[in-house]
Protein chains: 2
Amino acid sequence: MTMRKIAESTVRRLSLYLRCLEGFEAQGLDTVSSDVLAARGGTTSAQVRKDLSFFGSFGKRGLGYSVRELEGELRTILGLGRRYRVAVIGAGKIGSALVQYPGFSQRGFDIVAIFDADAQKVGRAWNGLNVRNVRELDQALREEPADIVVIVTPGEVAQSMADRCVALGVKAILNFAPIQLQVPEDVVVKHVNLALEFETLTFALKNR
Amino acid sequence: MTMRKIAESTVRRLSLYLRCLEGFEAQGLDTVSSDVLAARGGTTSAQVRKDLSFFGSFGKRGLGYSVRELEGELRTILGLGRRYRVAVIGAGKIGSALVQYPGFSQRGFDIVAIFDADAQKVGRAWNGLNVRNVRELDQALREEPADIVVIVTPGEVAQSMADRCVALGVKAILNFAPIQLQVPEDVVVKHVNLALEFETLTFALKNR
DNA sequence: GTTTGTGAAACGATTCACAGCT
DNA sequence: AGCTGTGAATCGTTTCACAAAC
């Protein structure tokens, strides 16, 4: 498959379509049209077809898409055909919520380590996983590499944690700290910033 | 000020700039150039200037922007010159993390009520706030309206909660449930979907 | 000399519209 | 007849580049 550059917005929608298809399958549906999928996903049918067309043609003209089949295709496209090892840095509230969320491992993500700098938290067992001292981060990741690191630390230390991860060869970071991480371009970072979400809401509220 | 339509991407960057400026102020900086702000925010100087230009001209040529002043302007633009009343539906892990996060009220958001359907949770005090039965939602929001509702329920009930909120006049929703909420167009919804963030990471990992 | 503010150009994403398959 | 797949057209966003201000 010739890999042109795929827009981030497209990838996000693919992920969304997958979620919709899981819903349709649970409802017992065998086929969906781009129209139905679009309605559920909050887009247009043309957008659905265009998004899929970057990766192949998965539908049958006149009929639509097989729910099962398209689900499989999307999983392949998104790289969900394997499991991922996830390390979490920061054993605060959000880290805790992540670790304890069962859907997480159901979706193919295994949390293999969790670190914190706070001596109070180190040693405590979380969902069967020991909270380790962040000093052990380098050693731990060298012994058992992680595919994805989730950073849930205060903003002040997030960059230095990212730097250490990058030095250790980590190629994907999900950052909850409220700063924009600077990383080499071969490392992917996604930012989740609640303040930002709230502020887009207040902006919208203000302007109507 | 003539209100052209502002792109969501622009608003998100404005929010980001504000976070950067707070950092600069903490560092004792008085002025920043669009270059410096861009470097910290992960964008370009032209982008910074263009974003700001939709709302006015806040800089001094040859000099840059006053950190303090620009902070104030951004807060005004984003609608942060007042406090917001936030209600949370769903007293799970994420709801808990939200309620207990102090930065939240520091930023002008007051959590005024939290609801859950689980009898086990109802009546428990969270950070000085009683978890109320979700049956009381309508009455509670009628007596004391919320500006923003955060939905942190399982996907199956999220849409019905959103419908109730909309009927009660809520105009802004932040949704953590993994479904795309359908709301009238005068209601703003922001989706936060962790599965989706992870899947954009796996997609990126796969394609390199 | 430095940096802003902004039209114009370049780029990228979405929508249209229809030929082609079932 | 119905729905997909896709080039072409449209629309929106980002980047360029430079005159104006300090």
Side-chain angles (χ1 to χ4, degrees), chain A residues 1-17 20-21 24 29-71 73-74 77 180 185 200 203, chain B residues 1-17 20-21 24 29-71 73-74 77 180 185 200 203:
Chain A
M1 189 190 299
T2 52
M3 220 351 131
R4 271 169 298 169
K5 210 168 104 266
I6 301 297
E8 157 130 12
S9 52
T10 297
V11 180
R12 295 180 76 85
R13 281 191 302 268
L14 292 176
S15 174
L16 203 62
Y17 301 153
C20 295
L21 288 169
F24 288 134
L29 271 144
D30 280 347
T31 17
V32 275
S33 64
S34 54
D35 244 326
V36 172
L37 192 48
R40 176 76 78 107
T43 356
T44 65
S45 60
Q47 183 76 78
V48 169
R49 297 199 301 275
K50 180 65 87 179
D51 286 339
L52 295 174
S53 76
F54 294 128
F55 300 94
S57 47
F58 309 118
K60 290 206 200 337
R61 295 174 192 226
L63 241 169
Y65 303 87
S66 152
V67 171
R68 280 279 177 80
E69 244 174 73
L70 190 54
E71 251 188 83
E73 296 289 357
L74 287 177
I77 291 166
Q180 211 68 3
E185 63 164 304
T200 60
F203 177 83
Chain B
M1 189 189 299
T2 52
M3 219 352 130
R4 270 170 298 167
K5 210 171 103 263
I6 301 295
E8 157 129 12
S9 52
T10 297
V11 180
R12 296 180 76 84
R13 281 191 301 267
L14 293 176
S15 175
L16 203 62
Y17 302 153
C20 295
L21 289 168
F24 289 134
L29 272 146
D30 281 347
T31 16
V32 275
S33 64
S34 54
D35 243 326
V36 171
L37 192 48
R40 177 75 81 106
T43 168
T44 65
S45 59
Q47 183 76 79
V48 170
R49 297 198 301 276
K50 180 66 85 179
D51 286 338
L52 295 175
S53 77
F54 293 128
F55 300 93
S57 48
F58 309 117
K60 288 204 202 337
R61 295 171 192 229
L63 242 169
Y65 303 87
S66 152
V67 171
R68 279 280 177 80
E69 246 174 71
L70 189 54
E71 249 187 83
E73 295 289 357
L74 287 177
I77 291 166
Q180 212 67 4
E185 63 164 303
T200 60
F203 177 82

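Below, chain A is the first sequence line, B the second, and so on; all start at residue 1. Since we're looking at a predicted model, the values are computed, not measured.
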From CD of A:Glu73 across to C1' of D:dT4 the rounded distance in Å is 15 Å
Mind checking what makes side-chain hydrogen bond (donor to acceptor under 3.5 Å, both in side chains) contact with A:Thr200, not counting sequence neighbours?
-> none
Partners meeting side chain to side chain contact (heavy atoms under 4.5 Å, CB included) with A:Val67 (sequence neighbours left out) | A:Leu21, A:Phe24, A:Glu25, A:Leu29, A:Val32, A:Glu71
The side chain to side chain contact (heavy atoms under 4.5 Å, CB included) partners of A:Ser15 (sequence neighbours excluded) come to A:Arg19, A:Leu78, B:Leu196, B:Glu199
Derivation of the side-chain contact (heavy atoms from CB on, under 4.5 Å) call for A:Val11 and A:Ile77 = CA-CA 9 Å; A:Val11 180; A:Ile77 291 166; over 6 Å; no
Could I get the full list of side-chain hydrogen bond (donor to acceptor under 3.5 Å, both in side chains) partners for B:Gln47, not counting sequence neighbours?
-> B:Asp51
Does a side-chain N or O from A:Ser33 land closer than 4.0 Å to OP1 or OP2 of D:dG2, or not?
-> no
May I ask you to say what A:Ser34 touches in the nucleic acid, namely base, sugar-phosphate or nothing, with a heavy-atom cut-off under 4.0 Å?
-> sugar-phosphate
Flag side-chain contact, heavy atom, 4.5 Å: A:Tyr17 against A:Leu70 = no
Could you tell me which residues satisfy side-chain hydrogen bond (donor to acceptor under 3.5 Å, both in side chains) with A:Gln180, sequence neighbours excluded, listed by chain and number?
-> none
Is there a residue in residues 41-51 of chain B whose heavy atoms reach under 4.0 Å of DNA chain C, and which residues are they?
-> B:Arg49, B:Lys50
Just how far is it from atom CG of B:Leu37 to atom OG1 of B:Thr44, taken to the nearest 0.5 Å?
-> 11.0 Å
From CD1 of B:Ile6 across to P of D:dG12 the rounded distance in Å is 13 Å
Estimated bend of the helix from C:dG1-D:dC22 to C:dT22-D:dA1 (axis per five terminal pairs, rounded to 10 degrees) = 10°
Would you please name every residue forming a side chain to side chain contact (heavy atoms under 4.5 Å, CB included) with B:Asp30, sequence neighbours left out?
-> none
Using heavy atoms and a sub-4.0 Å distance, could you list which residues of residues 58-69 of chain B are near DNA chain C? By number, please.
-> B:Phe58, B:Gly59, B:Lys60, B:Arg61, B:Gly62, B:Leu63, B:Gly64, B:Tyr65
Please report, rounded to the nearest Å, how far the C1' atom of D:dG5 is from the CG atom of A:Leu52.
-> 10 Å
Whole-Å distance between D:dG5 P and A:Asp35 CG?
-> 14 Å
Would A:Leu52 and A:Leu14 satisfy side-chain contact (heavy atoms from CB on, under 4.5 Å), going step by step from the backbone distance to the final call?
-> CA-CA 8 Å; A:Leu52 295 174; A:Leu14 292 176; 4.0 Å; yes
Under 3.5 Å, side-chain donor or acceptor atoms of residues 54-66 of chain A against the rest of the protein: list the pairs with distances, not counting sequence neighbours.
from, atom 1, to, atom 2, distance (Å)
A:Ser66, OG, A:Glu69, N, 3.1

Just the endpoints, please: which first and last nucleotides of DNA chain C, 5' to 3', lie under 4.0 Å from a heavy atom of chain B?
-> C:dT2 to C:dA8
Comparing B:Ser53 and A:Arg13 on DNA chain C - which has the more 5′ nearest nucleotide = B:Ser53
Can you name the closest pair of heavy atoms from A:Ser34 and A:Ser45 and give their distance?
-> OG-CB, 3.5 Å
side-chain hydrogen bond (donor to acceptor under 3.5 Å, both in side chains) partners of A:Glu73, counting only residues at least two apart = none
